[in-house]
Amino acid sequence: MCGIIGYVGEKDATPILLEGLRKLEYRGYDSSGVGVFDSNKDQIVVRKIKGKIKDLTELIKNQPLSRSSLGISHTRWATHGAPNKTNSHPHFDCSKNILLVHNGIIENYESLKFMLQNKGHKFVSETDTEVIAHLVEEYYQGDLLVAVRKAIRQLRGAFALGVISKDHPDQLVAARIGSPLIIGIGKNENFIASDVPAILDATKRVVYLKDGEMALITKENVEVSTFAGKKVPLKVDKVTFSVDAVQKQGFAHFMLKEIHEQPDVLRQMLKTRLKGNQVCLEGLNLKDKELKGFTRIIVVACGTAYHAGMVGRYLIEKMTGIPVSVEAASEFRYRDPIVDKKTLILAVSQSGETADTLAAVREARRKGARLVSICNAVGSSLARESDGILYTHAGPEIGVASTKAYIAQIAMLYLMALKMSGFHKKISEAQRQKIIKDFKKLPVLYEDILKNKQKVAKIAKKNSHFGCFLFLGRNVNFPSALEGALKLKEISYIPAEGYAAGEMKHGPIALIDEYRAVVCIAPQSDVYEKMISNMQEIRARKGKIIAIATQGDDAIKKHANHVIYVPETNNLLTPLLVALPLQLLAYYIAVQLGCDVDQPRNLAKSVTVE
Ligand code: AGP
């Protein structure tokens with residue numbers, strides 16, 4: 001997800017573009033850039049940098065841009081090509097006549113790049129975006145709109161584009177399919193933007209471009225047409241949201257927005273990583289023979305990523321028979337670990353900048369282990385230091401409490417287990433196909449759970465007074481219990497402990513009384529009856545139980561004070577499902593207690609120090 005802004009009008013474009021980028025920083029912030037038409041030089045001048053918008057602002061302060069009435073800008077969340085100055089937008093064509101910004105993914109960019117290189121085009125970046133700029137140049141014969149129209153017909157994938165040309169200092173061309181783009185209608189000025197917050201300071205009048213539409217924009221006029229050239233009547237809407245609300249797309253908090261993004265995060269992963277029933281681990285950078293050759297796997301991670309790794313252990317061991325250990329990176333790094341070249345180190349990290357995880361993998365590499373990382377931040381330190389990198393592409397996760405990154409990490413571990421299960425025949429092909437079939441159903445099941453979120457909110461409200469929570473789970477949902485406890489404690493500050501349910505009688509049962517709430521994760525599985533026994537022991541001691549159970553399980557109601565249902569699925573997939581009610585429970589309790597859900601006290605989104 002990236003942020004685009006464009007301006008054509010009578011004011012100086014640069015400050016408008018920078019302010020707009022600041023409002024879109026939630027969409028991506030690993031690098032950014034601005035390009036404006038400089039009428040004194042009769043050319044387009046660009047400033048771009050790796051880093052946050054404040055770094056770009058500082059750069060422009062030190063290297064000012066001339067006053068200009070036309071410009072485009074972009075803040076990036078890297079997908080193709082590491083975050084650096086060269087890969088940041090805007091991108092030029094060869095002649096530096098065309099300048100372009102893009103949000104989305106061009107699926108056929110490699111073949112187009114090859115064709116353009118054969119025609120003599122010279123590329124400077126690794127991005128798919130730059131290909132579009134050269135494609136427009138290829139079709140440009142003086143009419144910018146026509147050249148863009150011809151170029152986008154060659155593109156496959158998702159794109160929102162802003163394009164300018166030094167031959168047309170009064171024109172802005174925009175186009176979109178699969179990525180959002182709006183037009184802001186001002187007085188003697190007009191804007192394009194990825195999202196409303198970027199232009200709200202200037203106007204509340206917007207045109208929401210639809211998929212397959214493009215526009216020719218000057219300071220006085222906006223003409224919308226289809227990609228085929230058919231004119232589209234201008235429909236101007238009035239924005240009623242506040243900037244803050246729109247950045248959260250109407251959700252009260254980024255965390256809630258990101259919880260709701262989870263169905264699409266999974267959909268995107270399934271679309272790009274499961275071709276039919278073939279698992280595609282692009283970026284793994286390991287030959288099948290190498291993958292088969294590992295005799296053990298060590299997962300290293302911290303916090304939520306560590307819990308995802310624990311789920312992964314059950315999956316990989318169950319589906320391949322390879323022994324997996326999961327280590328808190330902060331412990332692993334000091335333990336003088338026993339690793340060799342037959343050990344695969346699997347690092348899991350949303351940010352790819354967690355100091356303990358980086359130190360752990362460096363230690364393992366020093367001892368000769370191979371390293372594959374599962375990471376969300378493209379081009380992060382961890383990504384750069386890994387032999388293979390599996391990007392989750394979950395998009396920027398703004399809420400400090402990890403949600404969509406967690407399920408994306410687990411999903412990637414499923415994909416790895418499925419890939420490796422083909423080598424080790426620990427499960428039958430029929431079982432493998434059944435898991436894949438159930439896996440593909442998950443996004444819809446997510447939506448079912450989210451439809452019932454108000455039931456979770458009610459239960460949360462009724463239980464937000466408890467001063468202590470215990471989370472219990474077994475087998476593949478023991479990590480779910482740990483994660484549920486972490487979610488609650490980190491955003492509500494309520495002491496919460498996750499435990500293997502079988503361990504309850506070895507100590508935690510002393511905690512149970514009417515003043516404690518116990519969350520029991522008890523979907524249908526071969527340990528379900530054991531969970532019911534735990535619940536009976538808790539009820540006998542007046543503990544209050546919130547059960548997470550499989551839809552249709554009425555029997556569990558007599559053992560619990562509240563039941564939150566999830567749809568039925570393959571037992572191995574249940575950690576992906578129960579994660580949602582656990583996230584929602586923590587969220588609504590924290591909201592009920594008036595906590596700062598997105599930026600909980602004492603926490604940072606990425607722990608880059610020890
Ligand atoms: C989880 O909600 C926390 N934000 C924290 O535990 C986090 O998972 C941990 O710091 C690891 O971060 P990483 O995934 O970026 O390495």
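In listed order, ligands and their atoms are each counted from 1. We're numbering straight along the sequence, starting at 1.
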Q: Sorted by first residue and then second, give each salt bridge (Lys or Arg N to Asp or Glu O under 4.0 Å) pair with at least one member in residues 467-488; sequence neighbours left out.
A: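 Only Glu483-Lys487, Lys487-Glu490 qualify under salt bridge (Lys or Arg N to Asp or Glu O under 4.0 Å).
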Q.
Which residues pass the side-chain contact (heavy atoms from CB on, under 4.5 Å) test with Glu568, not counting sequence neighbours?
A.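 side-chain contact (heavy atoms from CB on, under 4.5 Å) check on Glu568 returns Thr550.
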Q: Under the side-chain contact (heavy atoms from CB on, under 4.5 Å) rule, collect the residues that match up with His393, sequence neighbours excluded.
A: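 Thr79, Val378, Tyr391.
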Q: Salt-bridge test for Glu447 and Arg267: reply yes if a basic N is under 4.0 Å from a carboxylate O, no otherwise.
A: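 Yes, Glu447 and Arg267 are salt-bridged.
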**Q.** Contact summary for Lys50 and Ser31, nearest pair of heavy atoms
**A.**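 Result for this residue pair: CA-CB, 3.8 Å.
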Q: Sort out the contact shell of ligand 1: every protein residue with a heavy-atom distance below 4.0 Å, listed by chain and number.
A: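 For ligand 1, the residues that come within the 4.0 Å heavy-atom cutoff are Cys302, Gly303, Thr304, Ala305, Ser349, Gln350, Ser351, Thr354, Val400, Ala401, Ser402, Leu486, Lys487, Glu490, Val607.
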(Q) Take a 6.0 Å sphere around OH of Tyr515 and say whether it holds more than 12 heavy atoms from other residues, nucleotides or ligands. (A)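 At most 12 heavy atoms, drawn from other residues, nucleotides or ligands, come within 6.0 Å of this atom.
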